[in-house]
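The structure presented is a predicted model; accordingly, all values stated were derived computationally and were not measured. Just the heavy atoms: all of them, side chains too, but no hydrogens, waters or symmetry mates, feed the values below. Every chain is numbered from 1 and lettered A, B, ... according to where its sequence line falls, protein lines coming before strand lines.
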Number of protein chains: 2
Amino acid sequence: MTVTIYDVAREANVSMATVSRVVNGNQNVKPATRKKVLEVIERLEYRPNAVARGLASKKTTTVGVIIPDISNNIYAEAARGIEDIATMYRYNIILANSDQNEDKELNLLDTMLGKQVDGIVMMSDAVTEKLHQSMDHSPVPIVLAGSVDETDKFPSVNIDYFQASLEAVQMLIANGHKRIAIVTGPLAYTINSKFKIEAYKKALSDANIVIDEKLIISDDDTYDSGLEAWESLSELEQPPTAFFAGSDELAIGLIHGAQDNGKKVPDEIEVISFENSKLARMVRPQLTSVVLPLYDIGAVAMRLLTKLMNKENIEDQSVIIPHRIEMRNSVK
Amino acid sequence: MTVTIYDVAREANVSMATVSRVVNGNQNVKPATRKKVLEVIERLEYRPNAVARGLASKKTTTVGVIIPDISNNIYAEAARGIEDIATMYRYNIILANSDQNEDKELNLLDTMLGKQVDGIVMMSDAVTEKLHQSMDHSPVPIVLAGSVDETDKFPSVNIDYFQASLEAVQMLIANGHKRIAIVTGPLAYTINSKFKIEAYKKALSDANIVIDEKLIISDDDTYDSGLEAWESLSELEQPPTAFFAGSDELAIGLIHGAQDNGKKVPDEIEVISFENSKLARMVRPQLTSVVLPLYDIGAVAMRLLTKLMNKENIEDQSVIIPHRIEMRNSVK
DNA sequence: ATGAAAGCGCTAACAG
DNA sequence: CTGTTAGCGCTTTCAT
């Protein structure tokens with residue numbers, strides 16, 4: 001039924017080894033022979049069986065990608081970066097959603113390794129002990145993208161979340177605010193608890209502003225959470241006049257909450273976001289935001305992985321991509 | 001180095017056939033034997049090699065997914081639906097972006113078939129002749145998700161785009177508008193040219209409103225295109241008072257364009273969108289929109305594919321999912 | 001209930 | 001430059 005390398009060999013009057021050579025671009029084939037084989041391949045519509053090839057060569061040219069949720073723009077952006085570079089290096093991608101659930105992450109790792117992927121790119125907002133152990137047992141390289149492993153034992157690609165957050169809050173402080181709130185996603189995510197909030201505290205301390213725990217809110221990373229955060233925060237005796245939002249959706253929720261309350265942004269209320277997705281330009285006022293270069297993070301992570309799979313020497317396993325703040329109109 | 005089924009067999013004093021049976025849940029194994037084998041598997045940390053299995057069984061339990069662009073929310077949503085159902089049926093997914101480029105689509109089809117996927121879910125806004133032919137040659141089933149094949153020869157999952165569009169425009173007409181514009185994405189996409197615009201024309205004709213080609217704009221599906229469309233349309237001698245937008249971004253661009261011009265939505269200008277992504281709630285006014293259930297389309301397409309791969313009998317290859325219009329505030 | 005043996009389609013020495 | 005020959009790790013008859 002399906003045509004195999006054997007059929008091609010027979011039709012072309014050569015051995016299967018020769019066919020294999022032309023298919024794999026091996027130079028040790030006489031041009032005339034190559035031509036003949038190529039013709040038969042075309043005529044028979046021969047298509048190499050990658051599974052057989054994988055079994056024989058122990059390489060599948062496919063990498064696994066484990067991300068929390070592809071329908072979330074942040075991860076989709078990274079996935080695109082990963083896929084683009086993968087394609088460039090002729091790898092295919094097995095993509096799966098973990099929903100940030102440890103059991104799923106563990107299972108996915110296992111089934112991907114079972115499928116003999118040549119490497120894995122992993123995004124996880126909380127690299128737990130167990131995950132860490134499983135990753136340690138992997139026979140193929142794994143790189144973390146936009147995910148912090150506190151032990152710093154795995155190759156990873158990130159920006160300096162702490163520094164970026166610090167700069168964001170300092171911008172608000174520089175504009176004269178004393179009552180500054182921070183609204184982030186789940187505390188279970190390392191980036192929120194260890195970096196955004198810690199940086200926020202440091203920025204305030206450095207400016208001798210007393211830290212008011214009531215101004216620190218961590219819930220979801222969503223628009224509705226932003227709306228809710230505004231609700232509760234605006235009811236405080238001394239409500240905040242500026243906000244550091246952990247994501248664009250959060251920032252937009254905060255802004256709409258403020259506007260629905262008759263407050264002007266940025267005249268009365270200033271908001272700085274952390275993400276800079278395309279949403280940032282789709283609100284009025286447009287968001288001033290720390291730019292989190294997800295596409296680049298994904299792309300660089302995949303590139304790092306190709307090197308690792310290729311057993312190239314890596315200078316530094318923890319790469320930090322530069323960040324910057326995109327100035328728009330939610331901050332004066 | 002890696003432990004194989006053979007190692008397990010030796011350690012458990014059984015044949016590899018028996019190990020294979022317990023791994024595959026075959027009932028013809030004495031409980032005691034099964035237990036013994038399971039123990040060895042655990043102890044040796046044996047993990048079946050899916051590639052070898054795939055070669056021997058001619059099934060890989062992985063399906064290919066070809067979509068235009070994972071970083072575009074619309075497709076990401078569908079991808080999530082596909083993946084969820086795939087996971088439910090124990091399939092993994094090889095995901096790749098085509099950028100709506102025919103050559104890439106053709107290549108992807110080929111490499112996925114080379115990787116011996118058991119089936120393919122394809123999203124393509126323009127099923128060309130060539131694509132059609134390649135799909136026809138596929139040894140495994142292919143289902144189209146949210147994509148129209150005009151010959152209706154391939155299994156597919158869609159909503160009734162024409163009817164949905166008709167209802168949207170009729171809603172605007174019912175509100176008394178005579179100057180109604182339609183702003184869509186590329187005409188090259190079947191859904192835009194054959195359905196949205198045709199439905200728009202029919203709705204107007206039915207209401208005896210003369211069709212003005214100047215009110216029909218097709219460019220990109222983006223926010224900026226929406227902004228630009230407003231620009232040009234508002235400069236007309238008789239500018240439109242209502243808009244049918246082909247996507248949420250387009251709708252938001254139109255609304256912001258109007259608002260920046262001092263027009264009130266929906267008091268002076270009404271806009272109905274076609275998509276209903278989460279963006280729809282993140283603008284003021286919130287978007288009234290035809291709901292395009294991408295997640296469901298992906299999920300149903302994948303479910304259909306499982307049946308096809310299973311050689312089950314399918315009643316109807318072209319499934320149409322019900323649609324509805326979500327009423328919010330961009331239309332009175 | 002279990003084992004023996006023949007592939008699945010290809011790569012990779014090794015010869016020549 | 002080309003052919004021969006082992007496997008790669010597992011499924012799957014066919015016996016027993």
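Dense packing is recorded around CD of Glu312(B), with more than 12 heavy atoms of other residues, nucleotides or ligands lying under 6.0 Å away.
Taking atom CG of residue Asp7(B) and atom C1' of nucleotide dC10(D), one finds them 13 Å apart after rounding to whole Å. Rounded to whole Å, atom C1' of dG9(C) lies 14 Å from atom CZ of Arg10(A). Look at CG on Asn13(A): it is 16 Å from C1' on dC1(D), rounded to the nearest Å. Summarising the geometry, the separation between CD1 on Ile5(B) and P on dA5(C) is reported as 17 Å, rounded to the nearest angstrom. Between Leu55(B) atom CG and dC10(C) atom P there is a gap of 9 Å when expressed in whole angstrom units. Atom NZ in Lys115(B) sits roughly 15 Å away from atom P in dC10(C) (whole-Å rounding).
Checking dC8(C), dT11(C), dC10(D) against every side-chain atom of Arg53(B), the shortest atom distance belongs to dC10(D). Counting only heavy atoms from C-beta on, Ala56(B) has its side chain closest to dC8(C) among dG3(C), dA12(C), dC8(C). Side-chain proximity of Met16(A) to dC8(D), dC10(C), dT11(D): nearest is dC10(C). Checking dT11(D), dA12(C), dG9(C) against every side-chain atom of Lys58(B), the shortest atom distance belongs to dG9(C). The side chain of Ser15(B) lies closest to dA4(C) when the candidates are dA4(C), dT11(C), dT12(D).
A ring pair (Phe, Tyr, Trp, His ring centres under 6.0 Å) check over residues 101-137 of chain B, counting only residues at least two apart or in different chains, returns the pairs His132(B)-Phe154(B). Judged as a ring pair (Phe, Tyr, Trp, His ring centres under 6.0 Å), not a single pair has a partner in residues 89-108 of chain A (not counting sequence neighbours).
For Arg80(B), the salt bridge (charged side-chain N to carboxylate O under 4.0 Å, His left out) criterion is met by Asp69(A), Asp99(A), Asp84(B), not counting sequence neighbours. Under the salt bridge (charged side-chain N to carboxylate O under 4.0 Å, His left out) criterion, Asp103(B) pairs with no residue at all, not counting sequence neighbours. When the side chain to side chain donor-acceptor pair (under 3.5 Å) test is applied to Thr33(B), no partner is found at least two apart in sequence or on another chain. Listed by chain and number, the residues in a ring-ring contact (aromatic ring centres under 6.0 Å, His included) with Tyr295(B) amount to none (sequence neighbours excluded). Under the ring-ring contact (aromatic ring centres under 6.0 Å, His included) criterion, Tyr46(A) pairs with no residue, sequence neighbours left out.
In summary, of the residues considered (Ile82(B), Ile120(B), Val300(B), Leu305(B)), a side chain to side chain contact (heavy atoms under 4.5 Å, CB included) with Val143(B) occurs for Leu305(B) alone.
Residues of residues 22-37 of chain A having a heavy atom closer than 4.0 Å to DNA chain D, listed by number: Asn28(A), Val29(A), Lys30(A), Thr33(A). Shown for residues 38-50 of chain B: residues whose heavy atoms fall under 4.0 angstrom of DNA chain D, namely Tyr46(B), Pro48(B), Asn49(B).
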Intermediate values then yes/no, side-chain contact (heavy atoms from CB on, under 4.5 Å), Ile70(B) and Glu83(A): CA-CA 9 Å; Ile70(B) 194 63; Glu83(A) 217 262 327; 5.8 Å; no
Criterion side-chain contact (heavy atoms from CB on, under 4.5 Å) on Leu113(B) and Val140(B), from CA distance to verdict: CA-CA 8 Å; Leu113(B) 292 176; Val140(B) 298; 3.6 Å; yes
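Residues Lys115(A) and Thr60(A) fail the side-chain proximity criterion, which asks for heavy atoms closer than 4.5 Å.
Across all strands, Ser20(B) comes closer than 4.0 Å to base atoms (heavy-atom distances). Backbone-only engagement by Val14(A) is indicated by non-hydrogen atom pairs under 4.0 Å involving sugar-phosphate atoms exclusively.
Put simply, Ser57(A) has no side-chain N or O that comes within less than 4.0 Å of OP1 or OP2 on dC8(D).
For the pair Pro293(A) and Ile321(A), the tightest heavy-atom approach, listed with the atom from each and the gap, is CG-CG2, 4.1 Å.
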Check residues 8-23 of chain B and write down every donor-acceptor pair under 3.5 Å in which the side-chain atom is one partner and the other belongs to a residue at least two apart or another chain.
unit_1   : atom_1 : unit_2   : atom_2 : d
Arg10(B) : NH2    : Asp7(B)  : OD1    : 2.8
Glu11(B) : OE1    : Arg43(B) : NH2    : 3.4
Ser15(B) : OG     : Ala17(B) : N      : 3.3
Ser15(B) : OG     : Thr18(B) : N      : 3.4
Ser20(B) : OG     : Asn24(B) : ND2    : 3.3

I'd like a table of atom pairs between the protein and nucleotides 13-16 of chain D - only N or O on both sides, under 3.5 Å - with the distance next to each one.
none

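Taking five base pairs at each end of the helix from dA1(C)-dT16(D) to dG16(C)-dC1(D), the local helix axes there meet at an angle of 30°, rounded to 10°.
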